[in-house]
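Hydrogens, waters and symmetry mates are skipped; everything else that's a heavy atom, side chains included, is used. On a predicted model such as this, the values are computed, not experimentally measured, just so you know. Chain naming here is simple, since letters A, B, ... match the order of the sequence lines and numbering starts at 1 in each.
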Number of protein chains: 2
Amino acid sequence: MSLRHAVLGMLADAPGSGYDLLKRFESRENNAWSATQSQLYGELGKLAQTGLIEMTVAGPRGRKEYAITEAGRHELREWLLDPVPPQPARNETLLRMYFLGEVEPAQAREYVRRQGAEAEEQAERLDALDEAIPWDDSDRSFYGRLVLEWGKRYAAMQREWADWAEHRIRANRG
Amino acid sequence: MSLRHAVLGMLADAPGSGYDLLKRFESRENNAWSATQSQLYGELGKLAQTGLIEMTVAGPRGRKEYAITEAGRHELREWLLDPVPPQPARNETLLRMYFLGEVEPAQAREYVRRQGAEAEEQAERLDALDEAIPWDDSDRSFYGRLVLEWGKRYAAMQREWADWAEHRIRANRG
DNA sequence: TACTCCATGTAATAGGTTACATGATTTG
DNA sequence: CAAATCATGTAACCTATTACATGGAGTA
């Protein structure tokens, strides 16, 4: 149940409406978690009901701004220090790799090449993001940068692996 | 809907029962996809109903062995050559990173250190797996090895990142 | 005979996606 | 005033997890 905690964490950073959080999911948080609009509003309702967050400002157009409560902050800290349960791996790109013997080597190569190209694009997006964000000395910036660095390294690893794999397919399968 | 394709792919490799596939998920495929027993049996039923797989042998203890059909193989190939839709990122470990400002620097460091240790264990598991698997010249082995290499590089990247992050926290937060 | 492993299934619940529906406010 | 953006919500459906339930076959 991590959406719950993603929301708590974001509201611990700063209060906001469902609409606000949605945008935060689309930009920064993107790297680590995602949620649909539908899901978000539902979760905000549940969190408010259980008292982990509360509505603080009612704005125009039915805007509801929420803030984390003490109970919510407590829940967030508990979750942060919990041992992370092993995550069920779900990587569709990688899953397909297993079965590429079903298609022509040229198609397999093309598939891998494309993964590499996408990783490169991702690396560029992250570099741009890095330069666009006004980093400061806050915890938010500090830990955010660690996450961004993770993303960069992940993208680089994928690109290097794709290059390697492409050559191997050419050498061994044609 | 990738479980469907994971099952098709595994049955394209070799026929098997739900029980068999479950074990394959737990070992090799582990790196890329996972499924529970419950889900698997349900999916096998649906695939059989739509004719993408068929029961070929009824064994002892109600054992039902399935094989992929021509229609199933066709579906599998189509899926393999489809462009991979962007995957919703869901990485709980990374998600927590964003919010580590909520806890003491020492606790944050410990959290990151633990991630590094787990990555190292994973690397060791993969090395052991590599040596334990009787690789041959088949497509299955060939592409399986590419996936394994991906896993090794991923584990290495995580470990290096964790080391780096740990030092950074110590230097900047205490 | 007891234990382990093989083997399949269902029900309840939770989590996630897509589509539909509606309307206010701001800006050019 | 038209268009873009802000803003929330619901319903239907699909996917995934946990727990429960049952029993056959092989082996020490």
I need the [atom1]-[atom2] distance between [X] and [N], as an integer number of Å.
{"X": "A:Tyr19", "N": "C:dA24", "atom1": "OH", "atom2": "P", "result": "17 Å"}
{"X": "B:Lys64", "N": "C:dA7", "atom1": "NZ", "atom2": "P", "result": "13 Å"}
{"X": "B:Leu3", "N": "D:dT17", "atom1": "CG", "atom2": "C1'", "result": "13 Å"}
{"X": "B:Lys23", "N": "C:dA7", "atom1": "NZ", "atom2": "C1'", "result": "10 Å"}
{"X": "A:Arg4", "N": "C:dA14", "atom1": "CZ", "atom2": "P", "result": "11 Å"}
{"X": "A:Glu26", "N": "D:dA7", "atom1": "CD", "atom2": "C1'", "result": "14 Å"}
{"X": "A:Trp33", "N": "C:dT17", "atom1": "CH2", "atom2": "P", "result": "10 Å"}

Taking atom types as modelled, is there a side-chain donor on B:Asn91 or A:Trp150 under 3.5 Å from an acceptor on the other? no

Taking atom types as modelled, is there a side-chain donor on B:Ser2 or A:Glu92 under 3.5 Å from an acceptor on the other?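 Side-chain D/A pair, B:Ser2 to A:Glu92: present.
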
Going by number, which of residues 36-55 of chain B have a non-hydrogen atom under 4.0 Å from DNA chain D? B:Thr36, B:Ser38, B:Gln39

Check whether any side-chain N or O of A:Thr69 sits under 3.5 Å from a backbone N or O of A:Gly51 as a donor-acceptor pair, and report yes or no. yes

Check the phosphate of C:dA7 against B:Arg63, side-chain N and O only, distance under 4.0 Å to OP1 or OP2. Yes or no? yes

Are A:Arg90 and D:dT17 close enough that a side-chain N or O sits under 4.0 Å from OP1 or OP2?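 For D:dT17, OP1 or OP2 has a side-chain N or O of A:Arg90 closer than 4.0 Å.
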
Return the orientation label for the B:Phe99 and A:Trp79 ring planes: parallel under 30°, perpendicular over 60°, tilted otherwise. tilted

Quick one: which residue pairs count as a salt bridge (charged side-chain N to carboxylate O under 4.0 Å, His left out) with a foot in residues 51-61 of chain B, not counting sequence neighbours?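 Listed by first then second residue: nothing to list.
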
What's the closest nucleotide to the A:Met1 side chain, out of C:dG15, D:dT15, C:dG16? C:dG15

Nearest listed nucleotide, side chain of A:Arg61, among C:dG16, C:dC6, D:dT5: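 It is D:dT5.
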
Heavy atoms from other residues, nucleotides or ligands near CZ of B:Arg170 exceed 12 (cutoff 6.0 Å): no

Count the heavy atoms belonging to other residues, nucleotides or ligands that lie under 6.0 Å from CZ of A:Arg77, then report whether that count exceeds 12.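 Atom CZ in A:Arg77 is packed in, count exceeds 12.
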
